[in-house]
Amino acid sequence: MSTAFPSADQLLYTPEAAAEVLSYGRSTVYELMAEGLLKYVKRGRSRRIRRSDLEAYVNSLEPQPN
């Protein structure tokens, strides 16, 4: 696994790269995708997550009360 963060101008992310960006585990990203909470595109066997879908997911998160 790479320790370098993906480029900010990157349009598509692998689930592993998305996990790094979100500071989540890889399994969590796959669970979010399976539950339909994180949209992705599929080409053959490859899954990629659009930057706009990552941003939409983060924007949909509700802050927890203090």
Side-chain angles (χ1 to χ4, degrees):
M1 181 186 268
S2 172
T3 57
F5 284 103
S7 170
D9 60 350
Q10 187 171 343
L11 296 175
L12 294 172
Y13 295 85
T14 63
E16 292 79 9
E20 285 187 43
V21 170
L22 295 171
S23 298
Y24 285 176
R26 183 181 64 89
S27 297
T28 301
V29 170
Y30 279 103
E31 288 172 13
L32 291 170
M33 291 165 58
E35 293 169 5
L37 297 174
L38 183 57
K39 295 180 183 179
Y40 63 94
V41 294
K42 190 171 181 182
R43 180 78 173 175
R45 292 178 42 186
S46 298
R47 295 178 193 160
R48 296 294 183 264
I49 303 163
R50 292 183 191 106
R51 180 178 57 216
S52 60
D53 290 327
L54 279 175
E55 292 169 350
Y57 169 73
V58 170
N59 291 331
S60 74
L61 297 174
E62 292 291 324
Q64 297 297 311
N66 292 334

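Quantities reported herein were computed from a predicted structural model and do not represent experimental measurements.
- Sorted by first and then second residue, the side-chain hydrogen bond (donor to acceptor under 3.5 Å, both in side chains) pairs with a member in residues 30-45 read Glu16-Tyr30; sequence neighbours excluded.
- For Thr28, the side chain to side chain contact (heavy atoms under 4.5 Å, CB included) partners at least two apart in sequence or on another chain are Tyr24, Leu32.
- Ile49 and Val41 sit in two unconnected hydrophobic clusters of ILVMFWY residues. Membership requires side-chain heavy atoms under 4.5 Å apart, directly or through other members.
- Counting all heavy atoms, side chain and backbone alike, Val29 lies closest to Pro15 at CG1-O, 3.8 Å.
- With rounding to the nearest 0.5 Å, the separation of OG1 in Thr14 from CZ in Arg26 is 10.0 Å.
- Using a distance-only test at 3.5 Å, with no hydrogens or angles considered, a donor-acceptor pair links the side chain of Arg51 to the main chain of Gln10.
- Partners of Arg50 under the salt bridge (charged side-chain N to carboxylate O under 4.0 Å, His left out) rule, at least two apart in sequence or in another chain, are Asp53.
- In the hydrophobic cluster analysis, where Ile, Leu, Val, Met, Phe, Trp and Tyr join through side-chain heavy atoms closer than 4.5 angstrom, Leu12 is grouped apart from Leu54.
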